[in-house]
Amino acid sequence: MAAPFYLGWDFSTQQLKVIAIDEQLRVIYEDNVHFDKDLPEFKTQGGVYIHSDRLTVTSPVLMWVKALDMILEKMKSSGFNFSQVRALSGAGQQHGSVYWKKGSMQILKNASAELPLHHSLQACFSVSDSPIWMDSSTAPQCSALEKAVGGAQHLARITGSRAYERFTGNQIAKIYGQNPEIYMETERISLVSSFAASLFLGAYAPIDYSDGSGMNLLQIWEKVWSISCLDACAPGLKEKLGCPVPSHSVLGPISPYYSQRYGFSPDCKVVAFTGDNPASLAGMRLQEGDIAISLGTSDTLFLWIQEPTPALEGHILCNPVDSQTYMALLCFKNGSLMRERVRDDCASGSWDEFSKALSSTVAGNNGNLGFYFDVMEITPEAVGIHRFNKDNQKVSVFPKEVEIRALIEGQFMAKRIHAEKLGYKVRLVAGTNVSLADVVKLAPEPKLAVTPAAGAEELYRPLLKRYAELEQKVIYNPTSSCLAK
């Protein structure tokens, strides 16, 4: 019998990635499809459409399906032996939602193996451009949801988070409010993760507990949908969502479509997909008390926790590895795209030049601090570029090398400040010495174990205090009850 393989999929913001491993966890295949580069017909930038209001952000659903077709064809052409795949699972960008039109279940189930999947599914989505995690357009829906359940703190106690604009329940409420006929034509609403699992299953895959915790709809303690939250968002929503399941559930065998078209074994199992952040916690094998920072399109800080205390800042999600425990999460929307934009503007698009410029400036940046938010930030709620000199005076421009250090130091100080606000004990893990420049350049590669430089705490403690105070000056609307602080 041939050695078994296992496939992992990542439906992320900018690309679709696949990796195959054997039973010894050795990588035997990996590939990706970059949406902007490999699927230019969809005309996305960074895998998304940023609408004219700069708040609405979507991605075309069929782009994700076509990317899957493309990567499977590449694997087939390379001679990859699909019959050896015993099971597959994956992750999807959190919060994004997919709206299946009535009758789509049968089309998905009976897709012809003679056609690429995107051909069969092209008329299956009642919303062609899916709202995703970068969207900040649902302030009225957030306010209404918090009001309906008795306030922001009460909503956080139920669902693990106060109302956030990118969270799926509020996106559903917006679609229902603006286009009720489209909502009524929808028979199933998936997250990106359960949508991806559905493609392989040939049926609607359930939402898992962990990714479902990022919707403002799931009671994280009982792990069932909150009726009060559902009713506040849209009628008949429970039936459109289906029943949530543990994140490690085996959903069933792969669809016959893949056996017939690519040669998968009919016994290949589809395991529930989850969100990208829960998948990172699982993949890094975090234990209780560990903290991890992921540098991606959005930057995230997360940890394993036994007894969470949901608050107005950050998120508590069900743990994907152990359904009886939880994970805490802070999300910073202006991540790699913001760093890449400053790299392009200040370092001729070169990470090497970026690193040299960063290394040429002193730690602490001579007191110059900056806040860099190309799109509306989540933590804190702010937008725009804000620069302050050592005297806390706002300035319009920094020299290029100062700009680079202000960006990087500012992003990392924000992570520590907001982690400590939630009561986290920041513990730096000693390991391979990696410069801050290399951490950014290598991200999101797993090279984040850093030995702190001598005197770093004494240098940065007053800067952290200043940064936290200045942050209050750049917050977009500190009286809002429905956006993240």
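For the numbers below, each heavy atom of this structure counts, side chains included, while hydrogens, waters and symmetry mates do not. Source: prediction; values computed, not measured.
- Taking CG from Leu39 and CE from Met70, the interatomic distance works out to 4.0 Å, rounded to the nearest 0.5 Å.
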Donor-acceptor list for residues 58-67 side chains, cut-off 3.5 Å, not counting sequence neighbours:
{"from": "Thr58", "atom 1": "OG1", "to": "His51", "atom 2": "NE2", "distance (Å)": "2.9"}
{"from": "Ser59", "atom 1": "OG", "to": "Gly47", "atom 2": "O", "distance (Å)": "2.8"}
{"from": "Lys66", "atom 1": "NZ", "to": "Glu41", "atom 2": "OE2", "distance (Å)": "2.6"}

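- Looking at Glu23 and Arg86, a side-chain N of the basic residue comes within less than 4.0 Å of a carboxylate O on the acidic one, giving a salt bridge.
- Within the 4.5 Å cutoff, the side chain of His118 has no heavy atoms near those of the Leu68 side chain.
- When side chains are defined from C-beta on, His95 does not count as touching Met215, because their heavy atoms never get closer than 4.5 Å.
- No hydrogens or angles considered: a donor-acceptor pair under 3.5 Å links the side chains of Ser226 and Ser228.
- For the side chain to side chain contact (heavy atoms under 4.5 Å, CB included) criterion with Ser89, the lone passing option out of Thr274, Val271, Val270, Val250 is Val271.
- Looking at Lys109 and Ser255, their side chains never bring a donor and an acceptor atom within 3.5 Å of each other.
- Within 6.0 Å of CD in Glu114 there are 12 or fewer heavy atoms belonging to other residues, nucleotides or ligands.
- In this structure, CG in Leu88 is found 5.5 Å from CZ in Phe273, a value given to the nearest 0.5 Å.
- For Gln45, the CD atom sits in a loose shell: 12 or fewer heavy atoms of surrounding residues, nucleotides or ligands are nearer than 6.0 Å.
- In this structure, Phe332 places its CZ atom where more than 12 heavy-atom neighbours from other residues, nucleotides or ligands lie under 6.0 Å away.
- Under a 4.0 Å N-O distance rule, the pair Asp374/Arg54 does not qualify as a salt bridge.
- For the residue pair Trp133 / Thr13, a side-chain donor-acceptor distance below 3.5 Å is found, with atom types taken as modelled.
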For a salt bridge (charged side-chain N to carboxylate O under 4.0 Å, His left out) check, start with the C-alpha distance between Glu313 and Arg162, then their side-chain angles and the critical distance, and finish with the verdict. CA-CA 8 Å; Glu313 184 176 69; Arg162 67 178 306 167; over 6 Å; no
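- Within a 6.0 Å radius of NZ in Lys238, no more than 12 heavy atoms belonging to other residues, nucleotides or ligands are found.
- In this structure Asp231 satisfies the salt bridge (charged side-chain N to carboxylate O under 4.0 Å, His left out) test with no other residue, sequence neighbours excluded.
- For Tyr258 and Phe200, the distance between ring centers is under 6.0 angstrom.
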